Amino acid sequence: MFKTLPGFREFLPEECRRRNFYFSQWRRNSRNYHFQEFDGPVLEPLELYEEKSGAEIREQLFCFTDKGGREVALRPEMTPTLARLVGPRLGALRKPIKWFSIGEQYRYERYQKGRKRAFYQYNADIIGEAGPAAEVELMALLIDSLCSFGLGEKDFAVRLSDRQLWIMYLRGLGIEEAQATSVLGVVDKLGREPEDVLEQKLEPLVGNEAAGLLKKMIAFSRQQSLDGVREMFRDSGIVMDELESRLENWNELLQGLQAMGLSSFVQIDLGIVRGLAYYTGFVFEAFDREKSHRALAGGGRYDNLLGMLSRKEAPAAGFGMGDVVLEDLLKEKGLLPKWVEETDVYVVGITPEERSVVLSAVRALRQVGFSVEYSLTGASPKKQFKGADEAGGRTLVVIGPEEREAGQVKVKDSRTRSEKTVSNKEMIACVHHILRGDPELD
Ligand code: HAM
C-alpha cells in the first residue's frame with residue numbers, strides 16, 4: 001500500500017496537537033518580543049537559492065521545472081524569501097523590522113535522527129539594525145522560546161561565534177576574503193569529518209600550507225574566551241586596533257545578554273561558523289548541554305543578503321528553530337504535556353423522536369462557543385452514554401420524550417452527578433454554570 005515518502009511525516013491528531021503546541025508557544029514568545037508574523041510561498045524560483053546559500057543548500061533542494069518551464073524549488077529555509085519580500089518594501093517599513101514566521105521547509109537530505117526532508121521552522125529576524133543590539137534581542141528571544149517549553153540552563157546553551165573574527169584571523173594567516181568563505185566551509189566540518197579529509201579539502205585552496213593551516217584553525221576554533229582570542233591574534237599580522245574594535249562589539253553583545261540575566265545560557269565557541277555562506281558577523285547555535293542532539297536552532301547576521309537578492313542594502317540578523325530536534329529533546333526530558341481532548345457538552349436523545357431537538361440543541365450550544373458532541377447515528381441510549389464517557393463530556397444534556405413534550409432538557413454534571421431539568425432557553429446558562437465549576441445544581 002501507499003506509504004508516507006521517506007523523510008516526510010504524517011500528523012495524526014496526537015502529532016497535530018504537539019505541533020500546534022509548538023506553534024502557539026512560538027507565536028506567544030514572538031508577541032512577547034513584539035515581532036510581527038509573515039509568510040511567503042512554499043514554491044520559489046530556483047534562482048533565489050542558487051549562489052546565495054552555499055553549495056550545501058543547493059544540493060539539498062527539492063527542485064523541478066514546472067509546466068510553464070520555470071525552474072522552481074520548494075523552500076529549504078525562509079531567509080531568502082524574507083530578504084526578497086522586505087527589500088522592495090524597505091522604504092515603507094518602520095525600522096527596525098522585527099518579523100517572524102512559522103512554516104514547513106523542504107530539504108532533500110539524508111534523513112536521520114533530527115533531520116527530515118520536511119520540517120517546521122520558526123524564524124525570527126530583525127532588519128535595519130546594524131549593531132549588536134539586534135543579536136541581544138534575537139538571542140534573548142531564542143533563549144526565552146526554549147525556556148517556554150520548560151527547558152532551562154541545565155538543558156541547553158547558545159554557542160556564540162563570529163565570522164568576522166574568523167575572516168580577520170584567516171587574513172592574518174595570509175588568506176584573502178575571497179577564499180575565506182570556502183575555508184570557513186572546512187571550519188564548519190571540524191570535529192565532524194576526519195582531519196585528513198579536511199586537509200584534502202583545504203589543499204586546492206591553500207596548497208601545501210593545508211596541514212599547518214588546519215592545525216591553527218583547530219586551535220582557534222577551541223577558543224572559549226575573548227582573552228584566548230586576543231592571545232591567538234598576538235603573532236598574526238592583524239592590527240590590534242582592528243581586533244579591539246571588533247571585541248567592543250562582543251562586549252556590547254555580552255553585556256546586553258548579562259543585563260537581561262541570560263549570561264548563563266551563552267558560551268563562546270569559535271567552532272561554530274554555520275553552513276550557510278550568507279552570514280557575515282556574529283553566528284550562534286543552540287544545543288542541548290549533553291550535545292547528544294543536532295542543533296536546536298541556528299542563526300546570525302547576514303548584512304549582504306538583502307543587497308544580493310533585492311539590490312536594497314540593509315543590515316539583518318535572525319535565527320531559525322526546527323520542530324524535530326526540539327521534540328526529541330522535550331520527549332527525552334519528559335516535558336511534553338499530556339493533552340486530554342475533552343468535549344464540553346454531550347447531547348443525548350433517548351428515542352429517535354428526539355432527533356430534531358437534539359440537533360437544534362447541539363447547534364445552539366455550539367453557537368455560543370462550547371465544544372459539543374453527540375451520536376451522529378442516534379445510537380441506543382446506552383451507547384450514547386458510553387460515547388459521552390469516552391468524549392470526556394463534563395456536561396450532559398439529555399432529552400427524552402417527557403422533556404421534548406415539555407420543551408425542556410435535563411442538564412447533568414458528570415462529575416458531581418447532580419442534575420436539573422430546565423427550559424430550552426435556560427439550557428445555555430445552566431451549562432455555563434457547570435463548566436465554570438459553580439456550586440452544585442439545586
Ligand atoms: P539552519 O541552521 O539551516 O538555519 O536551520 C535552523 C534549524 O532548523 C536547525 O537548527 C534545525 O533545528 C532545523 N533544521 C534544519 N534542517 C533540518 C532538517 N533537515 N530536519 C529537521 N530540522 C532541520 C536556517 O535555516 C537559517 N535560514 C536560519 C536563519 C534565519 N538565519 C537567519 N535567519
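Numbers for residues simply follow the sequence, beginning at 1. None of the values given here were measured: they were computed from a predicted structure. Just follow the structure's listing: the first ligand is 1, and inside any ligand the first atom is 1.
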So which bit of Glu109 gets within less than 4.0 Å of ligand 1, heavy atoms only: side chain, backbone, both or neither? side chain

I want to confirm something. Looking only at heavy atoms, which of Tyr279, Phe287, Phe100, Tyr302 is nearest to atom 29 (C) of ligand 1? Tyr279

For atom 3 (O) of ligand 1, the option (of Glu77, Arg115, Arg107, Arg274) bearing the nearest heavy atom: Arg107

Mind checking whether Asp323 contacts ligand 1 via backbone (N, CA, C, O), side chain (CB onward), both or neither, at a 4.0 Å heavy-atom cut-off? neither

Asp328/Lys113 salt bridge by N-O under 4.0 Å criterion: no

Closer than 3.5 angstrom, by distance alone: can the side chain of Glu252 be matched with the main-chain N or O of Glu248 as a donor-acceptor pair? no

Minimal non-hydrogen separation, Met240 against Arg230, with atom names: CE-O, 4.0 Å

If we number the atoms of ligand 1 from 1 as shown, the ones under 4.0 Å from a heavy atom of Phe319 are 28 (C), 29 (C), 30 (C), 32 (C), 33 (N)

Do Phe23 and Tyr122 make the cut of ring centroids closer than 6.0 angstrom? no

Give the atom numbers and elements of ligand 1 that come within less than 4.0 Å of a heavy atom of Tyr278. 26 (C), 27 (N)

With heavy atoms of Val324 as the reference, note each atom of ligand 1 found under 4.0 Å away. 21 (C)

Basic-acidic side-chain contact under 4.0 Å: Glu44, Arg84: yes

Tell me which one of Tyr106, Tyr108, Phe119 gets a heavy atom nearest to atom 22 (N) of ligand 1. Phe119

Without swapping roles, check the side chain of Arg301 against the backbone of Thr280 for a donor-acceptor pair under 3.5 Å. no

